Amino acid sequence: WKNWIAFSSTHSFNFDGSNDYLNIGTNSGIEFTGTQPFTISMWVNLDSVALMAFCYKRSGSNGYIWQVHDDGTLEFSTGSATGGVLEASRTTTTISANEWTHIAVVRTANEGKALFYKNGSLMTIDSSNDPDHTSMSDNSTIPLTIGEHGGSRYFNGKMDEIAFPS
């Protein structure tokens, strides 16, 4: 994809990795519960590969987090209203720094697992980190933030075309 799609840094969000993020607020279109299907997608261009958040909508064990780890793997974590540990799905496929990459996390209505895509291709999931996300709960008072993880894990790079299609 990077050979035929050109992006300009003048029209994407440029995060500095230290304190930049977007507060989207609350909206029913970004709240996912139970077996509700969802997709989150975006173009990213990491300045470096490190533990950073793409999006964060969590309070206690309610909500969700989508992030990249320092080895370039992607992780999507969800929590339930009953509390306890967040359930995390993680890829073994990686993304790299200094190139535009389209990424998406998807949960279909009949499958509780998180599916990850990189440039339109299904990414490989770590079989030891592939839970069912059907007990996921959300709280309409929790704001969604893009590019940070509750005051840490600030994103370092560019994001474009961030989408939560229904």
Side-chain angles (χ1 to χ4, degrees), residues 1-2 5 7 9 11-27 29-33 36-59 61-79 86-108 113-126 129-131 133 136-139 142-166:
W1 287 36
K2 67 181 179 181
I5 297 178
F7 283 87
S9 62
H11 297 292
S12 58
F13 294 105
N14 191 0
F15 299 87
D16 66 9
S18 65
N19 61 2
D20 294 343
Y21 68 95
L22 303 172
N23 185 331
I24 307 303
T26 60
N27 182 300
I30 55 176
E31 296 172 16
F32 313 120
T33 59
Q36 176 187 359
F38 65 83
T39 299
I40 307 170
S41 66
M42 63 186 70
W43 284 93
V44 295
N45 187 334
L46 312 175
D47 286 347
S48 62
V49 177
L51 180 57
M52 303 181 282
F54 300 124
C55 59
Y56 177 84
K57 189 175 186 342
R58 177 179 160 214
S59 177
S61 61
N62 288 333
Y64 57 90
I65 306 163
W66 189 22
Q67 61 191 357
V68 61
H69 282 264
D70 55 9
D71 60 0
T73 58
L74 305 183
E75 179 182 282
F76 186 75
S77 301
T78 61
L86 290 175
E87 298 287 347
S89 294
R90 192 165 174 179
T91 66
T92 57
T93 313
T94 62
I95 62 172
S96 302
N98 303 310
E99 65 182 23
W100 281 104
T101 306
H102 186 264
I103 56 173
V105 60
V106 175
R107 185 182 67 190
T108 62
K113 306 285 185 180
L115 304 172
F116 297 84
Y117 291 86
K118 173 184 172 182
N119 294 329
S121 296
L122 187 62
M123 298 175 78
T124 305
I125 304 292
D126 178 349
N129 288 301
D130 189 21
H133 293 278
M136 181 177 180
S137 69
D138 204 348
N139 182 326
I142 303 169
L144 169 69
T145 58
I146 305 291
E148 66 92 40
H149 178 283
S152 65
R153 300 182 193 169
Y154 289 98
F155 188 79
N156 188 15
K158 298 171 190 69
M159 288 187 195
D160 201 4
E161 298 182 29
I162 303 162
F164 291 76
S166 53

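All values reported here derive from a predicted model rather than from experimental measurement. Numbering of residues begins at 1 and proceeds along the displayed sequence. Note that these values count all heavy atoms, side chains included, but never hydrogens, waters or copies made by symmetry.
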Would you please test V68 and F54 for side-chain contact (heavy atoms from CB on, under 4.5 Å) and show each step?
-> CA-CA 7 Å; V68 61; F54 300 124; 3.7 Å; yes
Could you please spell out the steps behind the side-chain contact (heavy atoms from CB on, under 4.5 Å) verdict for I125 and F116?
-> CA-CA 8 Å; I125 304 292; F116 297 84; 3.1 Å; yes
Take K158 and D47, measure what side-chain contact (heavy atoms from CB on, under 4.5 Å) needs, and give me the verdict at the end.
-> CA-CA 8 Å; K158 298 171 190 69; D47 286 347; 4.1 Å; yes
In sequence, state the C-alpha distance, the side-chain angles, and the governing distance for D160 and W100, and then conclude on side-chain contact (heavy atoms from CB on, under 4.5 Å).
-> CA-CA 9 Å; D160 201 4; W100 281 104; 4.1 Å; yes
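Interatomic distance, I65 CD1 to Y56 OH, rounded to the nearest 0.5 Å: 5.5 Å. Between atom CE of residue M42 and atom CD of residue E161 there is a gap of 11.5 Å, rounded to the nearest 0.5 Å. Distance CD1/I103 to CG/L74: 5.5 Å, rounded to 0.5 Å. M159 contributes atom CE, which lies 11.0 Å from atom CG of N45 (distance to the nearest 0.5 angstrom). Rounded to the nearest 0.5 angstrom, T73 OG1 and D126 CG are separated by 8.5 Å. Here the CG atom belonging to L51 is positioned 4.5 Å from the CZ atom belonging to R153, to the nearest 0.5 angstrom.
Considering every non-hydrogen atom in both S96 and L46, the closest pair reads O-CD1, 4.0 Å. V49 and G72 get closest at one heavy-atom pair: CG1-N, 3.3 Å. Heavy atoms only, all atoms of each residue included: S48 and N156 are closest at OG-ND2, 3.8 Å. When all heavy atoms of A114 and V105 are compared, the closest pair comes out as CB-CG2, 4.0 Å. When all heavy atoms of I40 and C55 are compared, the pair lying nearest together is CD1-SG, 4.2 Å. When all heavy atoms are compared, the tightest approach of I142 to T26 is O-CG2, 3.3 Å.
A distance-only check finds no donor-acceptor pair linking the side chain of N23 to the backbone of T145 [under 3.5 Å]. Although no hydrogens or angles enter the test, the distance criterion places no donor-acceptor pair under 3.5 Å between the side chain of T124 and the main chain of T92. A donor-acceptor contact shorter than 3.5 Å links the side chain of N119 to the backbone of H102.
Put simply, the side chain of Y21 does not reach to within 4.5 Å of the side chain of F155, judged on heavy atoms. For the pair T91/K118, no side-chain contact is recorded, criterion being any heavy-atom separation below 4.5 Å from C-beta on. Inter-residue side-chain proximity for D71 and R90 is flagged as met; some heavy-atom pair is nearer than 4.5 Å.
A ring-ring contact (aromatic ring centres under 6.0 Å, His included) with F38 is found for exactly one of F76, F164, W66, namely F76.
The closest side-chain donor-acceptor pair between E75 and S77 falls under 3.5 angstrom.
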